[in-house]
2 protein chains.
Amino acid sequence: MDKTTKLTAAAERLFDRHGYMATGMDRLTAAAGMSSRTLYKHAGSKAQLMARVLTERDRRFMARLEVQSVDALFATLEDWVRVEGMRGCLFLRSRAETGGDTPEIAEAVAMHKAAFHLRIEEVVAVDLGRQDPVLAEQVLILLEGATQAAVYRGAESVSAARAAAAILMERARA
Amino acid sequence: MDKTTKLTAAAERLFDRHGYMATGMDRLTAAAGMSSRTLYKHAGSKAQLMARVLTERDRRFMARLEVQSVDALFATLEDWVRVEGMRGCLFLRSRAETGGDTPEIAEAVAMHKAAFHLRIEEVVAVDLGRQDPVLAEQVLILLEGATQAAVYRGAESVSAARAAAAILMERARA
DNA sequence: TGTAATGTAAAACGTTCGTTTTACATTGAT
DNA sequence: ATCAATGTAAAACGAACGTTTTACATTACA
């Protein structure tokens with residue numbers, strides 16, 4: 001595993017566990033097992049490191065969303081929260097912590113959420129046989145809500161959201 | 001408006017806009033229009049101030065949720081996001097920024113979310129004429145999801161969630 | 001009138017922040 | 001054998017952090 005990969009992975013873990021602002025660069029160097037000189041050569045700055053973490057997470061998350069049904073979206077989310085934990089959406093958290101005032105971060109978040117929304121619209125269209133923007137919006141809300149609720153309600157939130165989505169899909173078909 | 005009230009209101013606004021950790025005490029004193037000596041007499045510490053902001057927000061938010069129907073919950077949320085803005089849930093944001101490691105904050109968040117969940121279960125029971133824990137969980141997810149989605153999708157997320165909840169309620173009645 | 005409370009303005013506390021620099025070691029290709 | 005790249009360890013940078021203190025002004029009540 002090369003230095004940049006190791007750094008990005010360590011940063012993601014610490015940002016997720018302790019928050020972005022609360023995670024200092026010294027903690028990062030210790031966790032990544034490198035000197036601050038090397039860290040800055042690879043990362044550029046803390047903001048750039050945050051943006052890189054988000055871009056990498058977007059890649060990993062979106063790869064999992066290459067499915068053909070709405071139900072599979074929720075199955076994927078169930079796996080995701082089991083593997084990655086339930087501390088809320090790292091994208092919106094980064095935006096909230098920076099007030100949206102750091103361009104590279106705001107951009108990474110906007111990119112991810114646009115792709116996320118588009119993917120849901122596509123999956124709904126495939127599953128339903130036609131486009132339905134309102135239904136897609138509702139599926140998006142259930143996915144966001146399950147992610148958020150899982151923080152304090154646990155992983156069962158995802159299955160409850162999954163069942164709700166099934167009802168909405170069923171009704172849209174009838 | 002007394003000093004403590006003014007301070008709490010200013011803190012809530014700044015924490016919401018810029019994030020908890022990114023908001024320094026000097027910015028707080030300037031916004032509240034008081035010296036740091038007075039601020040610390042009223043607030044105790046930054047963590048205590050954060051907890052006080054949350055407790056006060058809980059009071060204000062929960063007062064609005066004294067309604068008799070699920071649809072009214074979403075009507076309330078529509079008002080709320082119009083008045084208070086759409087930057088996500090300040091409770092979960094505070095927990096995420098502190099990693100859950102600040103007892104007074106973690107406790108304020110846990111209290112609020114427990115009350116929130118209970119209130120939804122009550123409203124669902126009144127509206128439906130019987131208890132339905134799974135449906136209540138789904139309504140909670142739609143409320144959380146609308147709050148979260150509104151950050152990047154706008155206020156229309158709330159009306160989409162409202163419509164979804166109406167479908168779930170209708171089906172539960174049949 | 002005097003005293004206790006409550007406030008302001010501003011300096012100072014020690015710590016930690018993100019970042020850069022200095023000095024030196026290890027490596028790999030020519 | 002050597003040059004350039006890449007790394008470490010650690011000190012240092014100025015700025016900002018949360019918090020306390022010093023010195024002084026205003027108010028309100030006995």
Side-chain angles (χ1 to χ4, degrees), chain A residues 1-54 90 93-106 108, chain B residues 1-54 90 93-106 108:
Chain A
M1 192 150 78
D2 77 324
K3 294 261 168 198
T4 299
T5 306
K6 194 174 173 190
L7 169 59
T8 307
E12 181 174 356
R13 215 192 120 266
L14 288 175
F15 289 156
D16 185 40
R17 171 64 182 82
H18 300 287
Y20 292 90
M21 292 308 213
T23 301
M25 298 306 264
D26 50 349
R27 207 186 239 174
L28 241 10
T29 60
M34 63 183 63
S35 66
S36 66
R37 197 178 199 271
T38 306
L39 187 149
Y40 273 92
K41 181 160 291 183
H42 287 83
S45 68
K46 189 179 184 182
Q48 285 173 52
L49 178 57
M50 289 172 60
R52 190 209 303 291
V53 164
L54 295 176
L90 268 181
R93 283 173 58 192
S94 73
R95 203 179 111 150
E97 288 209 40
T98 57
D101 297 327
T102 312
E104 46 223 315
I105 294 169
Chain B
M1 192 150 78
D2 77 324
K3 294 261 168 197
T4 298
T5 306
K6 193 175 173 190
L7 169 59
T8 307
E12 182 174 356
R13 213 192 122 265
L14 288 176
F15 289 155
D16 186 39
R17 170 65 182 81
H18 300 286
Y20 292 92
M21 291 310 221
T23 301
M25 297 306 264
D26 50 349
R27 207 185 239 174
L28 241 9
T29 60
M34 64 183 63
S35 65
S36 66
R37 198 178 200 273
T38 306
L39 187 149
Y40 274 92
K41 182 160 291 182
H42 286 85
S45 68
K46 189 179 183 181
Q48 286 174 51
L49 177 58
M50 289 171 60
R52 190 208 306 290
V53 164
L54 295 176
L90 268 182
R93 284 174 58 192
S94 72
R95 203 179 110 151
E97 286 210 40
T98 57
D101 297 327
T102 312
E104 46 223 316
I105 294 170

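As the structure is a prediction and not an experimental result, all values here were calculated from the model. Letters A, B, ... are given to chains in the order of the sequence lines, protein chains preceding strands, and every chain is numbered from 1.
- Per the geometry, NE2 belonging to B:H42 stands 8 Å off P belonging to C:dT6, to the nearest Å.
- Few gaps surround CZ on A:R17; more than 12 heavy atoms of other groups in view lie less than 6.0 Å from it.
- Heavy atoms only, all atoms of each residue included: A:L54 and A:L90 are closest at CD2-O, 3.8 Å.
- Among the atoms of the strands shown, base atoms are found under 4.0 Å from some heavy atom of B:S36.
- For the pair B:D16 and B:R93, the minimum side-chain heavy-atom distance is below 4.5 Å.
- Across residues 15-34 of chain A, A:G33, A:M34 each have a non-hydrogen atom less than 4.0 Å from an atom of DNA chain D (numbered order).
- Rounded to the nearest 0.5 angstrom, A:T38 OG1 and A:K3 NZ are separated by 6.0 Å.
- To the nearest 0.5 Å, atoms OG1 (A:T23) and NZ (A:K46) are separated by 6.5 Å.
- Counting 5' to 3', DNA chain D first comes under 4.0 angstrom of a heavy atom of chain B and last does so at the ends given by D:dC17 to D:dA23.
- We find the CZ-CG distance between A:R95 and A:D101 to be 10.0 Å, quoted to the nearest 0.5 Å.
- Within the 4.5 Å cutoff, the side chain of A:M50 has no heavy atoms near those of the A:T102 side chain.
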Next item on the list: With side-chain contact (heavy atoms from CB on, under 4.5 Å) as the test, would you mind laying out the steps for B:L49 and B:Y20 before giving the verdict?
Entry: CA-CA 10 Å; B:L49 177 58; B:Y20 292 92; over 6 Å; no
